[in-house]
Amino acid sequence: GSNVLQPVAVVRVNGNEAGRIVGAEKFGGSPAAVVQIAEMDPANPYPEVLLSSFTGGTHCCNQIQVLTSDRSGQTWREVKLGLFDGGPSPAQDPLGNGQLMIVGVDNRFLYRFDSYASSWAPARIWQLQGDAFVDVTHRPEFKPLHRRKLQRMAEWFQQKSPSSQNGFLAGYVANKALVGEL
């Protein structure tokens, strides 16, 4: 039989266990996970511990979860973002201002308008606020990020001229909406 592997991140404060998070189950093979100490919510005294782990399989799944303290730093809790397409990924600083967030793609576009290979999804950005991830994709400060993606999409389309276009066009229109050009 196969061995089930699960990554675990344990947080200790002053030598005492403050909390732990258990990543996605992976059957066989080597575990694939990213553990990151990241300042994702500056409203509390400690940085967060992110665990992004891969279940294995085609087009699935990256499980993202964070261990974060409350404002007092006394109580730690797990906040799950969910399962997403792709492998493990760290938090990113999309604006270059030191604020780390989860930057991915909007999985609702995958398979919806075309096959997976022909699907294009706009970016989706989540910010940790207290004990929840908030979708901040539509905020004006992210328009340059969406504009860059539009440019890459247009260049790809001109080079490839794909025969199947529904998945591309759905993602392109969604990106245009994100920059206020619907």
Side-chain angles (χ1 to χ4, degrees), residues 1-112 116-117 119-139 141-142 145 149 171:
S2 301
N3 291 335
V4 177
L5 303 169
Q6 276 184 285
V8 177
V10 177
V11 173
R12 295 184 185 279
V13 177
N14 298 324
N16 299 316
E17 185 174 318
R20 67 176 51 215
I21 44 180
V22 179
E25 288 185 355
K26 185 167 191 283
F27 296 90
S30 352
V34 169
V35 176
Q36 180 184 21
I37 297 173
E39 183 57 73
M40 298 180 75
D41 183 4
N44 63 34
Y46 297 106
E48 283 63 41
V49 176
L50 175 136
L51 177 59
S52 174
S53 52
F54 183 56
T55 62
T58 306
H59 311 309
C60 199
C61 283
N62 176 20
Q63 178 174 302
I64 299 172
Q65 53 209 115
V66 170
L67 199 59
T68 184
S69 76
D70 63 6
R71 288 179 183 261
S72 72
Q74 299 299 310
T75 304
W76 288 73
R77 64 199 170 280
E78 178 181 5
V79 180
K80 291 183 178 182
L81 183 55
L83 292 170
F84 299 92
D85 178 59
S89 55
Q92 300 175 37
D93 182 0
L95 300 175
N97 64 3
Q99 178 66 49
L100 293 175
M101 302 175 193
I102 303 297
V103 179
V105 297
D106 192 333
N107 282 212
R108 297 173 293 187
F109 282 75
L110 305 179
Y111 295 108
R112 163 100 12 111
Y116 178 87
S119 294
W120 284 78
R124 197 149 180 213
I125 305 161
W126 294 272
Q127 182 177 31
L128 182 64
Q129 294 177 4
D131 61 356
F133 280 100
V134 176
D135 186 341
V136 295
T137 307
H138 294 85
R139 290 194 183 157
E141 60 264 35
F142 296 111
L145 183 128
K149 183 158 188 173

- Is there a donor-acceptor pair under 3.5 Å between the side chain of Gln127 and the backbone N or O of Val136? no
- Query: Can you tell me if Ser52 uses its side chain to pair, donor with acceptor, with the backbone of Pro90 under 3.5 Å?
  - Reply: no
- Under 3.5 Å donor-acceptor, Asn62 side chain and Phe84 backbone: no
- Task: With rounding to the nearest 0.5 Å, note down the distance linking CD1 in Ile21 to CG in Leu50.
- Result: 7.0 Å
- Can you tell me how far CG of Leu81 sits from CD1 of Ile102, rounded to the nearest 0.5 angstrom? 6.5 Å
- Where Ala9 and Val35 come nearest, the two heavy atoms and their spacing: CB-CG1, 4.5 Å
- Asp135: what forms a side chain to side chain donor-acceptor pair (under 3.5 Å) with it, not counting sequence neighbours? Arg124, Thr137
- Message: Rounded to the nearest 0.5 Å, what separates atom CZ in Phe133 from atom CD in Gln65?
- Response: 9.5 Å
- Note on the structure: Heavy-atom closest pair (Pro47 atom, Trp76 atom, distance to 0.1 Å) is O-CH2, 3.8 Å
- Query: What is the minimum heavy-atom distance between Gln6 and Val22, and which atoms define it?
  - Reply: NE2-CG1, 3.4 Å
- Which pair of heavy atoms, one from Ser89 and one from Val34, lies closest together, and at what distance? N-CG2, 4.3 Å
- Backbone N or O of Ala91 within a donor-acceptor pair of the Gln36 side chain at under 3.5 Å? yes
- Nearest heavy-atom approach of Pro7 to Ser53 is CG-CB, 3.6 Å
- Message: Rounded to the nearest 0.5 Å, what separates atom OG1 in Thr55 from atom CD in Gln63?
- Response: 8.5 Å
- Message: With a 4.5 Å cut-off on side-chain heavy atoms, are Gln92 and Met101 touching?
- Response: no
- Note on the structure: To the nearest 0.5 Å, atom OG1 of Thr68 lies from atom CD of Gln129 at 12.0 Å
- Item | Asn107 side-chain N/O to Val105 backbone N/O, donor-acceptor pair under 3.5 Å | yes
- Might you confirm whether atom CD1 of Ile37 has over 12 heavy atoms from other residues, nucleotides or ligands at distances under 6.0 Å? no
- Query: Do side-chain atoms of Asp93 reach the backbone of Gly98 as a donor and acceptor pair under 3.5 angstrom?
  - Reply: yes
- Message: Within the supplied structure, the quantity of interest is the number of heavy atoms (other residues, nucleotides, ligands) at a distance under 6.0 Å from Arg77 CZ; does it exceed 12?
- Response: yes
- Query: Would Ile125 and Leu145 count as a side chain to side chain contact (heavy atoms under 4.5 Å, CB included) if you check the C-alpha gap in whole Å, the side-chain angles of each, and the deciding distance to 0.1 Å?
  - Reply: CA-CA 11 Å; Ile125 305 161; Leu145 183 128; 4.0 Å; yes
- Is there side-chain contact between Ile64 and Trp126, with at least one heavy-atom pair below 4.5 Å? no
- Query: Could you state the interatomic distance from CG (Leu67) to CG (Leu51), rounded to the nearest 0.5 Å?
  - Reply: 10.0 Å
- Message: Between Gln99 (side chain only) and Met40 (backbone N and O only), is there a donor and an acceptor less than 3.5 Å apart?
- Response: yes
- Query: Counting heavy atoms not belonging to Arg112, are there more than 12 under 6.0 Å from its CZ?
  - Reply: no
- Task: Please report the shortest heavy-atom distance between Tyr46 and Gly73, naming the atom on each side.
- Result: CE1-O, 3.6 Å
